[in-house]
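Start at 1 with the first residue, then count along the sequence.
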Amino acid sequence: MKKPVKIIECPRDAMQGIKQFIPTAKKIQYIQSLLRVGFDTIDFGSFVSPKAIPQMVDTAEVLAQLDLSKTNSKLLSIIANTRGANDACKHPEIDFLGYPFSISENFQMRNTHKTIAESVHTLQEILNIADASNKQVVVYISMGFGNPYGDPWNVDIVGEWTEKLATMGVKILSLSDTVGTSNPESIDYLFSNLIPKYPNIEFGAHLHTTPTTWFEKVDAAYNAGCYRFDGAVQGFGGCPMATDELTGNMPTEKLLSYFTSKHNNSLNAMSFESAYNEASKIFKNYH
């Protein structure tokens with residue numbers, strides 16, 4: 001029997017880089033449509049500085065108005081520091097705190113204004129806060145497949161950081177292709193080496209992609225043993241802290257088509273079609 005695939009839908013990632021403010025009511029309507037699909041988790045918002053990500057200033061308000069009574073999907077919020085972790089932990093509806101941990105010194109400074117060493121210290125504090133609030137932390141190794149800044153990167157560096165994070169007690173680790181630099185070879189090499197070595201860690205793939213390279217990336221990760229994938233409907237979004245040219249998110253509809261062909265997809269197709277249409281309305285009108 002196949003291990004079920006977890007698909008994490010990321011409307012937060014899709015919306016966060018849009019300059020024009022999307023009204024709170026529109027966000028609620030869209031996320032509500034996603035909650036009906038049956039995704040494992042919805043990455044719905046973030047408790048970060050409104051100066052850094054003004055689009056997410058209404059995350060608590062959005063959360064307060066979501067109807068969670070008919071969904072099995074769990075909720076994930078991105079945080080960048082202990083203040084954000086404490087804010088997120090005030091909300092019992094949130095299951096996961098997502099922390100972007102970059103192995104590129106340049107990007108860590110750009111993203112959270114911290115050195116990597118400072119980020120390690122912050123992460124330990126966040127793990128303690130989450131543990132006290134009965135929440136789990138998802139650590140994203142951003143720039144996990146290389147970086148455009150000339151910082152050192154190779155598979156051994158990723159392995160060393162995985163070892164460090166494992167000793168800190170991290171249980172869910174998502175390798176992030178922050179600027180679309182991954183290729184099937186690096187994806188296969190990383191996952192096929194790390195997954196067997198760390199059986200107590202759930203590995204995920206947060207892949208950014210161009211329209212022509214999505215299949216080979218998903219295929220490489222899945223065949224290497226990865227069963228957790230992040231996506232965003234229609235591939236909208238990307239990391240606004242990474243480059244000026246956004247590299248699109250992995251389109252959720254491509255993930256669904258891939259895993260349906262593998263008979264490893266149990267999401268509600270009609271509800272997904274409805275959410276897809278909601279995405280078209282939001283991202284056509286706000287850009």
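You'll find the side chain of V158 reaches within 4.5 Å of the side chain of L175, heavy atoms only. Using a 4.5 Å cut-off on side-chain heavy atoms (C-beta onward), L35 and L68 make contact. Under the 4.5 Å side-chain criterion, counting only non-hydrogen atoms from C-beta, V155 is not in contact with N193. Counting heavy atoms from C-beta on, the side chains of Q108 and T115 never come closer than 4.5 Å. Between M250 and D230 there is no side-chain heavy-atom pair separated by less than 4.5 Å. Between I172 and F96, the closest side-chain pair of non-hydrogen atoms falls below 4.5 Å. You'll find the side chain of L66 reaches within 4.5 Å of the side chain of I28, heavy atoms only. Residues T162 and Y198 have side chains in contact (heavy-atom distance under 4.5 Å, counting atoms from C-beta outward).
The side-chain contact (heavy atoms from CB on, under 4.5 Å) test applied to Q234 returns F236, E253, Y276, A279, S280, not counting sequence neighbours. By the side-chain contact (heavy atoms from CB on, under 4.5 Å) test, F21 pairs with T24, K27, Q55, V57, D58, sequence neighbours left out.
Within the 3.5 Å criterion, the main-chain N or O of S142 finds no donor-acceptor partner in the side chain of S176. S133 contributes no side-chain N or O that, together with a main-chain N or O of K135, makes up a donor-acceptor pair within less than 3.5 Å. Within the 3.5 Å criterion, the main-chain N or O of T82 finds a donor-acceptor partner in the side chain of N86.
Within the model, atoms CG of D87 and OG1 of T59 stand 10.5 Å from one another, a figure rounded to the nearest 0.5 Å. Note that CG of L255 and CD1 of I7 are 5.0 Å apart. Values are rounded to the nearest 0.5 Å. Rounding to the nearest 0.5 Å places CG of D40 at 10.5 Å from CG of L76. To the nearest 0.5 Å, the span separating NE2 on H206 from CD1 on I141 amounts to 13.5 Å. Expressed to the nearest 0.5 Å, how far CD of Q124 lies from OG1 of T122 amounts to 10.5 Å. The distance from the CG atom of L194 to the CD1 atom of I201 is 8.5 Å, given to the nearest 0.5 Å.
No more than 12 heavy atoms of other residues, nucleotides or ligands lie within 6.0 Å of OH in Y189, so this atom counts as exposed by the packing criterion. By the 6.0 Å contact criterion, NZ on K26 is open, its count of non-hydrogen atoms from other residues, nucleotides or ligands being 12 or less. Within 6.0 Å of CG on N72 lie no more than 12 heavy atoms contributed by other residues, nucleotides or ligands. Atom CG of N134 has 12 or fewer heavy atoms from other residues, nucleotides or ligands within 6.0 Å.
For residues 187-210, the salt bridge (Lys or Arg N to Asp or Glu O under 4.0 Å) pairs, not counting sequence neighbours, are K6-E202, E202-R228. Pairs passing the ring-ring contact (aromatic ring centres under 6.0 Å, His included) check and including a residue from residues 33-91, sequence neighbours excluded, read F47-H91. Residue pairs meeting the salt bridge (Lys or Arg N to Asp or Glu O under 4.0 Å) criterion with at least one partner in residues 207-225, sequence neighbours excluded, are D177-K217.
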Stepwise side-chain contact (heavy atoms from CB on, under 4.5 Å) check, T260 with S257: CA-CA 5 Å; T260 299; S257 69; 5.8 Å; no

Intermediate values then yes/no, side-chain contact (heavy atoms from CB on, under 4.5 Å), L256 and F272: CA-CA 10 Å; L256 267 55; F272 180 75; 3.7 Å; yes

Chi angles and distances behind the side-chain contact (heavy atoms from CB on, under 4.5 Å) call for N264, Y258: CA-CA 9 Å; N264 202 346; Y258 179 87; over 6 Å; no

Worked verdict on S69 versus D67 for side-chain hydrogen bond (donor to acceptor under 3.5 Å, both in side chains): CA-CA 6 Å; S69 63; D67 178 4; 2.6 Å; yes

L97/C89 under side-chain contact (heavy atoms from CB on, under 4.5 Å): CA gap, chis, key distance, verdict: CA-CA 8 Å; L97 310 181; C89 285; 3.9 Å; yes

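V62 is not connected to I8 by any chain of hydrophobic side-chain contacts under 4.5 Å among Ile, Leu, Val, Met, Phe, Trp and Tyr, and they are in different clusters. Under a hydrophobic clustering in which Ile, Leu, Val, Met, Phe, Trp and Tyr are joined whenever their side-chain heavy atoms come within less than 4.5 Å, directly or via other members, M109 and I116 fall into different clusters. Both I22 and L63 belong to a single network of hydrophobic side chains, linked directly or stepwise wherever heavy atoms of I, L, V, M, F, W or Y lie under 4.5 Å apart. In terms of hydrophobic clustering, with Ile, Leu, Val, Met, Phe, Trp and Tyr side chains grouped at heavy-atom distances under 4.5 Å, I126 and L173 are assigned to a common cluster. With hydrophobic clusters built from ILVMFWY side chains whose heavy atoms lie under 4.5 angstrom apart, L190 shares a cluster with V139.
Residues S186 and S182 bring no donor and acceptor atom of their side chains to less than 3.5 Å of each other.
Aromatic ring pairs are classed by plane angle as parallel below 30°, tilted from 30° to 60° and perpendicular above 60°; the pair F191 and F145 is tilted. Between F229 and Y222, the ring-plane angle classifies as tilted under the 30° and 60° cut-offs.
In this structure, A275 and V37 approach most closely via the heavy-atom pair CB-CG2, 4.2 Å. The two atoms that bring V218 and L207 nearest to each other are N-CD1, 4.3 Å, heavy atoms only. The two residues S174 and A205 come nearest to each other via the heavy atoms OG-N, 3.8 Å. In terms of heavy atoms, N285 sits closest to Q20 at O-OE1, 3.7 Å. When all heavy atoms are compared, the tightest approach of Y99 to S119 is OH-OG, 2.6 Å. When every heavy atom of P148 is checked against every heavy atom of M143, the shortest pair comes out as CD-SD, 4.0 Å.
Applying the under-4.5 Å side-chain rule to Ile, Leu, Val, Met, Phe, Trp and Tyr, the cluster around M270 consists of that residue alone.
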